[in-house]
Amino acid sequence: MPELPEVETIRRDLETKLLGHRVLGAQVLWEREVGYPDAPTFAAEIAGRDILALERRAKYLIVHLSEDASLLVHLKMTGQLLYVPRDTPPHQHARAVFALDGDRELRFVDIRKFGRLYLVPTGRLAEFAKVANLGPEPLAASFTVAALRALLASRRGHMKPLLLNQEFLAGMGNIYADEALFRAGLHPLRSAESLKPRDIARLHEAIVAVLEESISHRGSSINNYRDPAGQKGYHHVHLRVFNRADEPCLLCGTPISKIRVGGRGTHFCPRCQRLPRVAASRSHPVTRGLTRS
DNA sequence: AGTAGGACCTGGTGGC
DNA sequence: TGCCACCAGGTCCTAC
């Protein structure tokens with residue numbers, strides 16, 4: 001599941017390989033993965049453009065091209081962008097192939113067909129709905145404790161779904177939401193309005209730390225994530241709660257709990273991430289038992 | 001504004 | 001061994 005650290009790793013890798021090169025042509029193998037414009041137009045329009053820059057916004061990879069066009073890629077759960085020699089045998093799950101100068105190809109491989117490609121005018125990128133409604137970047141210098149406090153001031157509801165909301169904060173997914181809450185000592189069902197200044201400061205530190213640590217390990221490969229060379233990241237061995245249900249907490253030894261929150265598998269330590277009694281009875285009457293487990 | 005549930009998809013897994 | 005139900009999750013959509 002590519003989240004911010006995985007997409008950032010891909011961006012950095014591809015930047016060293018793609019800058020200054022040209023897209024000779026594109027072949028769309030599964031038309032529904034092209035979100036805009038229609039697939040034939042997409043393929044025709046991208047041909048002949050030079051690659052000027054690579055940017056990441058939330059979980060989107062943005063490839064800036066010449067003549068006022070940008071390619072937006074969302075990998076969703078199983079998407080991969082593979083940079084390979086042209087004579088590499090075809091991938092079974094390739095959904096689009098971009099021919100590049102220099103006998104290379106960029107292949108968009110996506111087992112589950114959830115990923116999306118968009119080709120939009122660079123000048124109108126900011127108003128493109130997918131980008132326009134995104135919240136702040138957690139690794140930007142402007143994302144301070146005060147900024148997080150301001151974001152939280154107008155929010156209610158549980159912390160886990162809030163961290164997954166891309167309009168609240170851009171780039172967190174299921175893995176790093178669980179990891180950040182663990183690191184901050186906050187229960188996933190903790191209500192946003194119940195956070196004290198001390199909690200917000202810890203959460204801020206936790207969000208930045210888990211994302212930066214993961215980037216330094218080239219992301220987490222729980223299932224399908226691969227970098228442009230087809231290699232796994234190695235941060236998943238450093239995860240403290242995600243995918244560790246029933247295993248001992250690394251801090252206190254208590255078995256990690258797994259519950260469903262907002263329809264998502266959610267991992268936490270019932271001892272290190274206690275739900276305050278008041279918040280428990282007010283926001284979620286059944287959760288008091290969960291803190292014991 | 002929030003919550004829930006369905007839709008989109010396929011591969012892997014566990015039960016029988 | 002084979003079959004099948006079910007699960008995984010990012011985002012969008014609808015309904016409440």
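Basis for what follows: all heavy atoms, side chains included, without hydrogens, waters or symmetry-related copies. A, B, ... follow the sequence lines: proteins, then strands. Residue 1 opens every chain.
A 6.0 Å sphere centred on CZ of A:R86 holds more than 12 heavy atoms belonging to other residues, nucleotides or ligands.
With C:dT11, B:dG11, B:dC9 as the candidates, the nucleotide lying closest to the side chain of A:Q92 is B:dG11. Comparing B:dC9, B:dG11, C:dC12 against the side chain of A:K130 picks out C:dC12 as the nearest. The side chain of A:R264 approaches C:dT11 more closely than any other nucleotide in the set B:dG11, C:dT11, C:dG10. Comparing atom distances between the A:N174 side chain and each of C:dG10, B:dC8, B:dT10 picks out C:dG10 as nearest. Here the nucleotide nearest the side chain of A:I111, chosen from C:dC12, B:dG2, B:dT10, is B:dT10.
A:E6 and A:Y176 share a side-chain donor-acceptor pair at under 3.5 Å.
Atom P of nucleotide C:dG10 and atom OH of A:Y225 are separated by 15 Å, given to the nearest angstrom. Whole-Å rounding puts the A:N224 CG to C:dG10 P distance at 12 Å. If you measure from atom CZ of A:F242 to atom C1' of C:dG10, you get 12 Å, rounded to the nearest angstrom. Rounded to an integer number of Å, the gap from A:R95 CZ to B:dT10 C1' is 9 Å.
Across all strands, A:R116 comes closer than 4.0 Å to no nucleic acid atom at all (heavy-atom distances). At a threshold of 4.0 angstrom between heavy atoms, the contacts of A:K258 are confined to the sugar-phosphate backbone, with no base atom among them. Residue A:F168 is classed as having no contact, given no heavy-atom separation below 4.0 Å to the nucleic acid. Contact annotation for A:G263: no contact, since no heavy-atom pair falls under 4.0 Å across all strands.
At C:dC7, none of the side-chain N or O atoms of A:R260 fall inside 4.0 Å of OP1 or OP2 (strictly under the cut-off). Side-chain N/O atoms of A:K59 include one lying less than 4.0 angstrom from OP1 or OP2 on C:dT11. Proximity of A:H93 to the phosphate of B:dC9: no side-chain N or O atom is located under 4.0 Å from OP1 or OP2. Checking the phosphate oxygens (OP1, OP2) of C:dT11, a side-chain nitrogen or oxygen of A:Q166 falls inside 4.0 Å. An OP1 or OP2 oxygen of C:dG10 is reached within less than 4.0 angstrom by no side-chain nitrogen or oxygen of A:H74.
Judged by closest nucleotide on DNA chain C, A:T78 is the one of A:T78 and A:E167 placed further toward the 5' end.
Ring pair A:Y234/A:H217 is tilted by interplanar angle, where 30° to 60° counts as tilted.
Side-chain contact check for A:F143 versus A:L169: some heavy-atom pair is nearer than 4.5 Å.
Rounded to a whole angstrom, the distance from the P atom of C:dC4 to that of B:dC9 is 22 Å.
Taking the 5.5 Å centre cut-off and the 30° plane limit, the aromatic side chain of A:F114 is not classed as stacked on C:dT11.
When all heavy atoms of A:P2 and A:K76 are compared, the pair lying nearest together is CD-O, 3.0 Å.
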